[in-house]
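Read the structure below first, then the notes.
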Amino acid sequence: MEKLVFEIQINASPEKVWSVLWDDISYRQWTTAFTEGSFYQGTLEEGNTIKFLDPNNNGMFSRVEKSIPGKEIKFLHLGEIYSGVEAPQDWGEATEAYILEENEEGTKLKSEIQTPAEFKGFFEEKFPKALGIVKNLSENQL
C-alpha cells in the first residue's frame with residue numbers, strides 16, 4: 001500500500017468546501033478530473049455503502065468509515081463495479097479520506113489516500129487537478 005497526501009488551501013469556509021465536495025452538481029464537476037460524468041449513489045453516513053460510478057455504471061463501491069459533516073469523511077474501498085455488477089476486491093486498507101481544517105485563510109483541504117501501488121501514478125496525476133477544481137468552485141460560487 002502506498003500512502004499519498006494532497007493538500008490545498010481554499011479561501012472559503014469548511015461548510016462551503018464540504019458542499020462543493022459532496023453536493024451532486026459540484027461533485028460531478030470536480031470529479032471530471034478523474035472520469036468525465038462521474039457521480040455517486042448513496043448517502044454519506046457512517047456504515048453506508050456508496051457507489052462511485054461513471055456514465056456506463058463502471059466504478060467502485062466503498063463503505064463510509066467516518067463521516068463528520070464539514071470536517072472529515074473516510075471511505076474504505078471494497079471493490080470494483082463493471083456494468084453495474086459489484087466485484088469485491090482484496091485491497092486491504094485501501095482508503096480515501098477528506099479532512100477539512102479551518103484556518104485564518106479559510107480551509108485547508110487534505111486528501112489522504114491508501115492505495116495499491118498500481119494506482120499511485122493515476123492519483124498523483126489526477127488528484128492535484130481535482131483539488132484545484134474544488135478550490136475554484138469553492139472560491140467562485142455564490
Side-chain angles (χ1 to χ4, degrees), residues 1-82 84-141:
M1 257 330 144
E2 300 272 346
K3 181 176 182 178
L4 307 174
V5 178
F6 304 96
E7 293 183 357
I8 194 164
Q9 179 62 43
I10 300 173
N11 185 18
S13 70
E15 294 76 21
K16 177 64 181 172
V17 176
W18 184 268
S19 173
V20 166
L21 284 170
W22 306 115
D23 286 357
D24 183 57
I25 292 170
S26 52
Y27 177 87
R28 291 172 186 260
Q29 292 174 312
W30 72 266
T31 56
T32 59
F34 301 108
T35 302
E36 195 71 38
S38 293
F39 64 100
Y40 73 89
Q41 293 178 336
T43 57
L44 302 173
E45 297 168 11
E46 286 182 24
N48 283 1
T49 299
I50 301 289
K51 294 180 180 181
F52 298 98
L53 299 164
D54 71 11
N56 300 315
N57 276 332
N58 298 317
M60 64 164 64
F61 63 101
S62 308
R63 183 172 57 242
V64 180
E65 295 285 288
K66 184 176 195 177
S67 181
I68 305 169
K71 295 194 180 296
E72 181 177 357
I73 194 160
K74 182 177 183 179
F75 303 100
L76 175 65
H77 299 308
L78 303 173
E80 295 176 307
I81 301 171
Y82 301 101
V85 178
E86 294 180 7
Q89 302 291 318
D90 186 14
W91 288 328
E93 286 297 309
T95 59
E96 185 172 334
Y98 296 84
I99 300 149
L100 290 75
E101 297 174 2
E102 190 168 14
N103 58 36
E104 288 149 15
E105 293 85 44
T107 305
K108 180 169 79 171
L109 172 58
K110 181 164 61 170
S111 296
E112 296 180 352
I113 315 296
Q114 290 274 57
T115 182
E118 66 205 74
F119 298 119
K120 181 181 179 188
F122 174 82
F123 286 129
E124 287 178 334
E125 176 190 348
K126 304 291 187 180
F127 243 95
K129 292 177 186 174
L131 295 184
I133 296 170
V134 172
K135 175 181 174 70
N136 188 38
L137 291 171
S138 298
E139 292 177 351
N140 296 306
Q141 282 187 350

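Position 1 is the first residue of the sequence; numbering continues from there. Just so we're clear, the structure is a prediction, and the values are computed from it rather than from any experiment.
Judged purely by atom type and a 3.5 angstrom limit, E112 has no side-chain atom pairing as donor or acceptor with the backbone of A97. Of the possible donor and acceptor atoms, one in the side chain of T107 sits under 3.5 Å from a partner among the backbone N and O of A12. One N or O on the side chain of N103 and one on the backbone of E105 form a donor-acceptor pair closer than 3.5 Å.
For the pair S19 and S26, the tightest heavy-atom approach, listed with the atom from each and the gap, is O-OG, 3.4 Å. Residues L137 and K16 come closest through the heavy atom pair O-CE, 4.3 Å. Considering all non-hydrogen atoms of both residues, P116 and W91 come closest at CG-CD1, 3.9 Å. The two residues E36 and P55 have their closest heavy-atom pair at O-CD, 3.5 Å. Across P128 and F123, no two heavy atoms sit closer than the pair CD-O, 3.8 Å.
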Derivation and outcome, side chain to side chain contact (heavy atoms under 4.5 Å, CB included), residues W22 and I73: CA-CA 10 Å; W22 306 115; I73 194 160; 3.6 Å; yes
Dump the intermediate steps for ring-ring contact (aromatic ring centres under 6.0 Å, His included) on F52 and F75, then the final yes or no. CA-CA 11 Å; F52 298 98; F75 303 100; 5.2 Å; yes
Is there a side chain to side chain contact (heavy atoms under 4.5 Å, CB included) between I8 and V134 once you walk through the steps? CA-CA 9 Å; I8 194 164; V134 172; over 6 Å; no
Please assess E86 against K51 for the test salt bridge (Lys or Arg N to Asp or Glu O under 4.0 Å), listing each intermediate value before the final yes or no. CA-CA 9 Å; E86 294 180 7; K51 294 180 180 181; 3.6 Å; yes
With side chain to side chain contact (heavy atoms under 4.5 Å, CB included) as the criterion, how do F6 and K126 come out once you've worked through the C-alpha distance, each side chain's angles and the decisive distance to 0.1 Å? CA-CA 11 Å; F6 304 96; K126 304 291 187 180; over 6 Å; no
Run the numbers on Y98 and V17 for side chain to side chain contact (heavy atoms under 4.5 Å, CB included), then give the verdict. CA-CA 11 Å; Y98 296 84; V17 176; over 6 Å; no
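Taking CE of M60 as the reference point, atom NE2 of H77 lies at 4.5 Å (rounded to 0.5 Å). Here the straight-line distance linking atom CG of L131 with atom CD of Q9 works out to 12.5 Å at 0.5 Å rounding. Interatomic distance, OG1 of T31 versus CG of L21, reported as 10.5 Å (0.5 Å rounding). Between F119 atom CZ and E2 atom CD the span is 12.5 Å, to the nearest 0.5 Å. K110 contributes atom NZ, which lies 5.0 Å from atom CD of E101 (distance to the nearest 0.5 angstrom). Atom CG in L100 sits 8.5 Å away from atom OG in S111 (nearest 0.5 Å).
Using a 4.5 Å cut-off on side-chain heavy atoms (C-beta onward), E139 and I10 make contact. The shortest distance between side-chain heavy atoms of L76 and E93 falls below 4.5 Å.
Around the NZ atom of K74, the shell of radius 6.0 Å holds no more than 12 heavy atoms that belong to other residues, nucleotides or ligands. At most 12 non-hydrogen atoms from other residues, nucleotides or ligands lie less than 6.0 angstrom from CG of D90.
The aromatic ring centres of F127 and F122 sit 6.0 Å or more apart.
Looking at residues two or more places apart in sequence or on another chain, you find a side-chain contact (heavy atoms from CB on, under 4.5 Å) between E102 and P14. Residues satisfying the side-chain contact (heavy atoms from CB on, under 4.5 Å) test with T35, not counting sequence neighbours, are S38, D54.
Listed by first and then second residue, the salt bridge (Lys or Arg N to Asp or Glu O under 4.0 Å) pairs that reach into residues 62-73 are R63-E65, K66-E72, sequence neighbours excluded.
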